[in-house]
Amino acid sequence: MASCVTGLTCIHCDSSFPAAALVKAEGVWMTCPKCGPADGILDIHYDLDRVRAAWKSHPLAQRPLNHWRYAELLPLEPSAIRHDWSVGWTPVIDAGRLACELGIRQVLLKDEGRNPTASFKDRASSVGVAHALQVGARTIACASTGNAASSLAGHAALAGLPAYIFVPATAPEPKLAQLLVFGASVFAVQSSYDAAYDLCSQTCQGFGWYNRNCAINPVLVEGKKTAGLEVAEQCASFGGVPDWVAVSVGDGCTIAGIWKGLKQMHELGVIDRLPRLLAAQAKHVQPVAYALEHAELPKDGTGTTIADSIDVQVPRNWRKAVQAIREAEGVVVTASDEAILDAIRLAGKHGVFAEPAAAASLAAVVSAIDSKIIGPNDRVLVMITGSGLKDTKNAIRAGGRPITIEPSVAAVQHVLSDSRKGAKTQS
Ligand SMILES: *Cc1c(COP(=O)(O)O)cnc(C)c1O
């Protein structure tokens, strides 16, 4: 299963670079040397005819159920593929009762919380760490709102590489706990995610560390892309391509990656049409919504959200995200913190435990139904990007407290009859 990479191009100036650039530890593959790290983001290209031929002689149906099944569409040498780090092929849940409740034809929940460190970010980290090993990196680093960090720490631990992590000091404790247990060195930066990001980039440049940040490292986006490849393959069991794929947006790499995967599967003939994208942002942190309209980022931005994973005022990949949303005839829908807490409860009632940023995509779907962007005949797939165990404080805010009782059946009876009375007086 050899990689079918043909080369890289700069999304800003369109310059091309050979695939060989990907196997140098230091070099042009990180960002375009002409445009620099702020603008010169690179995109990786593949020979899809070769992919098609490879999938014919070795069909996907016969491959392991993890994201390495798409090896031809990853920028890795065969020896770098690690089936033992099983990532992806997360379940798609057909939430029929939820579709009825919301009054649309179908709601599919793709539960990315089932990945090894409980978020979507494992798709990128696994590919990034495999690539770091391939190029002989000795240290790996990233800045993160939390999930990219815990997932990088987990995969670095699997690989035996030291990891340095820069997080905002406000990151939820369960995420910090995860990465500390995985043995990473953690810098809790006394500022925003945006500041942590800049500090990480400067440190990587200074010390020659492998930078796992998706926004500038094109290899990572290829890992995120596997979710789009999977959606294309899995939706065949649920009546075909959905009308909408809903994704929450922070830096914008996730939605851009998923779109790239969907497009490749369309070109490869695995799906016969493309869904529209529903991009979810927080009500007070919506720079991508602004950029979609104005083709630039807003100058100010001071709001915040409980959805820490998308609490990003300066999205590093906004251009790729905006381009994906445009191509997909997509829309951006924002969700308030209250709507996000409601969506955590809603997903929970249908068996899926979501962290706030993961529920934001469902909250956006609810709002898009209310405003008739999504119609009653539509079928929607919602990416639930991270587990509710990642942020137990907000999970409890959404779920409420238990009923404290004495250890007696009488006490249980008492509570039950009270709640029945309550139900009667309400009706
Ligand atoms: C990182 C993350 C996102 C957003 O991904 P971006 O690439 O930053 O847009 C959404 N949900 C969760 C749970 C995340 O960890």
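Atom set for the values below is all heavy atoms of this structure, side chains included, hydrogens, waters and symmetry mates excluded. Numbers here are sequence positions counted from 1.
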Show me the donor-acceptor pairs, under 3.5 Å and distance only, between side chains in residues 197-208 and residues at least two apart or in other chains.
{"residue": "Asp198", "atom": "OD1", "partner": "Arg316", "partner atom": "NH1", "Å": "3.1"}
{"residue": "Ser201", "atom": "OG", "partner": "Tyr197", "partner atom": "O", "Å": "3.1"}
{"residue": "Thr203", "atom": "OG1", "partner": "Leu199", "partner atom": "O", "Å": "2.6"}

For this session: Sorted by first residue and then second, give each salt bridge (charged side-chain N to carboxylate O under 4.0 Å, His left out) pair with at least one member in residues 95-105; sequence neighbours left out.
Result: Glu101-Lys349
Problem set entry | Residues in side-chain contact (heavy atoms from CB on, under 4.5 Å) contact with Ala132, at least two apart in sequence or another chain | Ala137, Ile140, Leu161, Tyr210
Exercise. Can you name the residues that form a ring pair (Phe, Tyr, Trp, His ring centres under 6.0 Å) with Tyr164, not counting sequence neighbours?
Worked result: Trp209
For this session: Establish, for the pair Lys225 and Phe120, whether the NZ or CZ atom is under 6.0 angstrom from the six-membered ring centre and no further than 45 degrees off its axis.
Result: no
Exercise. Mind checking what makes ring pair (Phe, Tyr, Trp, His ring centres under 6.0 Å) contact with Phe166, not counting sequence neighbours?
Worked result: Phe187
Seminar exercise, completed: Residues at least two apart in sequence or cross-chain that pass ring pair (Phe, Tyr, Trp, His ring centres under 6.0 Å) with Tyr290, listed by chain then number, are His294
Problem set entry | Asp122: partners by side chain to side chain donor-acceptor pair (under 3.5 Å), with sequence neighbours left out | Thr117, Ser151
For this session: Could you pull out all residues at least two apart from Trp55 that satisfy ring pair (Phe, Tyr, Trp, His ring centres under 6.0 Å)?
Result: none
For this session: Enumerate the residue pairs fulfilling salt bridge (charged side-chain N to carboxylate O under 4.0 Å, His left out) with a member in residues 235-258, sequence neighbours excluded, ordered by first and then second residue.
Result: Asp243-Arg273
Problem set entry | Counterpart residues, side chain to side chain donor-acceptor pair (under 3.5 Å), relative to Lys34 (two or more places apart) | Ser15
For this session: Give a yes or no on whether a salt bridge exists between Glu230 and Lys224, defined as a side-chain N under 4.0 angstrom from a carboxylate O.
Result: no
For this session: Identify whether the distance between the nearest side-chain nitrogen and carboxylate oxygen of Lys260 and Asp43 falls below 4.0 Å.
Result: yes
Exercise. In Å and rounded to the nearest 0.5 Å, what is the CG to CD distance from Leu48 to Glu72?
Worked result: 11.0 Å
For this session: Only pairs at least two apart or in different chains count here, so list each side-chain hydrogen bond (donor to acceptor under 3.5 Å, both in side chains) that has a residue in residues 276-288.
Result: none
Problem set entry | Arg69 charged N/C atom sitting above Trp89 aromatic ring, 6.0 Å / 45° | yes
Enumerate, atom names and distances included, each donor-acceptor pair closer than 3.5 Å involving a side-chain atom of residues 360-376, sequence neighbours excluded.
{"residue": "Ser361", "atom": "OG", "partner": "Ala358", "partner atom": "O", "Å": "2.8"}
{"residue": "Ser361", "atom": "OG", "partner": "Met383", "partner atom": "O", "Å": "2.9"}
{"residue": "Ser371", "atom": "OG", "partner": "Ser367", "partner atom": "O", "Å": "3.0"}

